[in-house]
Amino acid sequence: MNDFYKRVYALVRKIPKGRVASYGDIAEHLGTKGSARTVGYAMNNAHAVSPPIPAHRVVNRNGLLTGKHHFGSPTMMQQLLENEGVKIIDDQVQDFEKLRWIPRKRN
DNA sequence: TCACTGACGGGGC
DNA sequence: CGCCCCGCCAGTG
């Protein structure tokens with residue numbers, strides 16, 4: 001467990017309910033812009049972290065639920081988001097631009 | 001040590 | 001619009 005991972009998890013937990021963020025935004029915030037893949041890789045291990053990580057609030061830059069297969073069920077991620085008021089159509093977050101949450105260092 | 005993979009992103013064609 | 005290539009970084013065999 002790297003410090004990098006912890007930073008990813010800590011940041012993901014800060015994502016407000018009903019909002020989403022992209023891997024790239026998270027990576028950029030951590031100062032490792034361009035390493036969005038690594039952020040995604042970190043999320044792969046998020047299920048084993050405590051407290052729980054709201055991984056369903058993290059999508060790719062297009063607002064697509066690319067990580068849904070890593071939840072128990074392929075529809076789990078979508079259900080979790082819709083349960084928070086986020087509308088999903090064809091695995092894509094609607095109004096992604098509006099719901100997109102940009103992490104800030106001052107917060 | 002090298003090669004490959006991946007819940008990504010950007011750019012070229 | 002779809003496809004491909006490359007950079008990115010950590011984990012794995």
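Worth saying up front: this structure is predicted, and the values here are computed from it rather than measured.
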**Student:** Just the rounded figure in Å: distance from C1' of C:dC1 to CG of A:N62.
**Tutor:** 13 Å
**Student:** Quick one: which of C:dC8, C:dG11, B:dG9 gets closest to the side chain of A:Y23?
**Tutor:** B:dG9
**Student:** Show the atom names and distances, to 0.1 Å, of all donor-acceptor pairs under 3.5 Å that link a side chain in residues 49-58 of chain A to residues at least two apart or in another chain.
**Tutor:**
unit_1 : atom_1 : unit_2 : atom_2 : d
A:H56  : NE2    : A:E84  : OE2    : 3.1
A:R57  : NE     : A:E84  : OE1    : 3.0
A:R57  : NE     : A:E84  : OE2    : 3.3
A:R57  : NH1    : A:I15  : O      : 2.9
A:R57  : NH2    : A:E84  : OE2    : 2.7

**Student:** Nearest-Å distance, CG (A:D25) to C1' (B:dC8)?
**Tutor:** 11 Å
**Student:** Give the rounded distance in Å between these two atoms: NE2 of A:H29 and P of B:dC8.
**Tutor:** 20 Å
**Student:** Using the side-chain heavy atoms of A:M43, tell me which of these nucleotides is nearest: B:dG9, C:dC9, B:dA7.
**Tutor:** B:dA7
**Student:** Do A:Y23 and A:L30 sit in one hydrophobic cluster, given that two such residues count as connected whenever their side-chain heavy atoms are within less than 4.5 Å of each other, even indirectly?
**Tutor:**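 Yes; A:L30 is reachable from A:Y23 via cluster members.
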**Student:** Report yes if at least one side-chain N or O of A:T38 is closer than 4.0 Å to OP1 or OP2 of B:dC8; otherwise report no.
**Tutor:** no
**Student:** Of all the nucleotides listed (B:dA7, B:dC8, C:dG11), which has the minimum atom distance to the side chain of A:A36?
**Tutor:** B:dC8
**Student:** Nearest to the side chain of A:R61 - B:dG10, B:dC8, C:dC9?
**Tutor:** B:dG10
**Student:** When you check the gap from the basic side-chain N to the acidic O, do A:D95 and A:R100 get nearer than 4.0 Å?
**Tutor:**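 No, this pair does not count.
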**Student:** Within this structure, what is the CG-to-C1' distance between A:L30 and C:dA10, rounded to whole angstrom?
**Tutor:** 14 Å
**Student:** Give me the distance, rounded to whole Å, that separates B:dA7 from C:dG2 when you measure between the C1' atoms they each carry.
**Tutor:**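 Here B:dA7 and C:dG2 have their C1' atoms 22 Å from each other.
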**Student:** Rounded to the nearest Å, what distance is computed from the OH atom of residue A:Y5 to the P atom of nucleotide C:dA10?
**Tutor:**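 So the OH-P distance, A:Y5 to C:dA10, works out to 8 Å.
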**Student:** For the side chain of A:N44, starting at C-beta, report the closest nucleotide among B:dG9, B:dA7, C:dA10.
**Tutor:** B:dA7
**Student:** Please state how far atom CD in A:Q92 lies from atom C1' in B:dA7, giving the value in whole angstrom units.
**Tutor:**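 Spelled out: CD on A:Q92 to C1' on B:dA7 is 16 Å.
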**Student:** Looking only at heavy atoms, what is the nearest atom pair of A:F96 and A:S22, with distance?
**Tutor:**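 The pair with the smallest heavy-atom distance is CZ-CB, 4.4 Å.
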**Student:** Between A:E28 (CD) and C:dC8 (C1'), how many Å, whole number?
**Tutor:** 14 Å
**Student:** Side chain of A:N60 only, please: which of B:dA7, C:dT12, B:dC8 is the nearest?
**Tutor:**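 So the side chain of A:N60 is nearest to B:dC8.
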**Student:** To the nearest Å, how far apart are A:R100 CZ and B:dG9 P?
**Tutor:** 9 Å
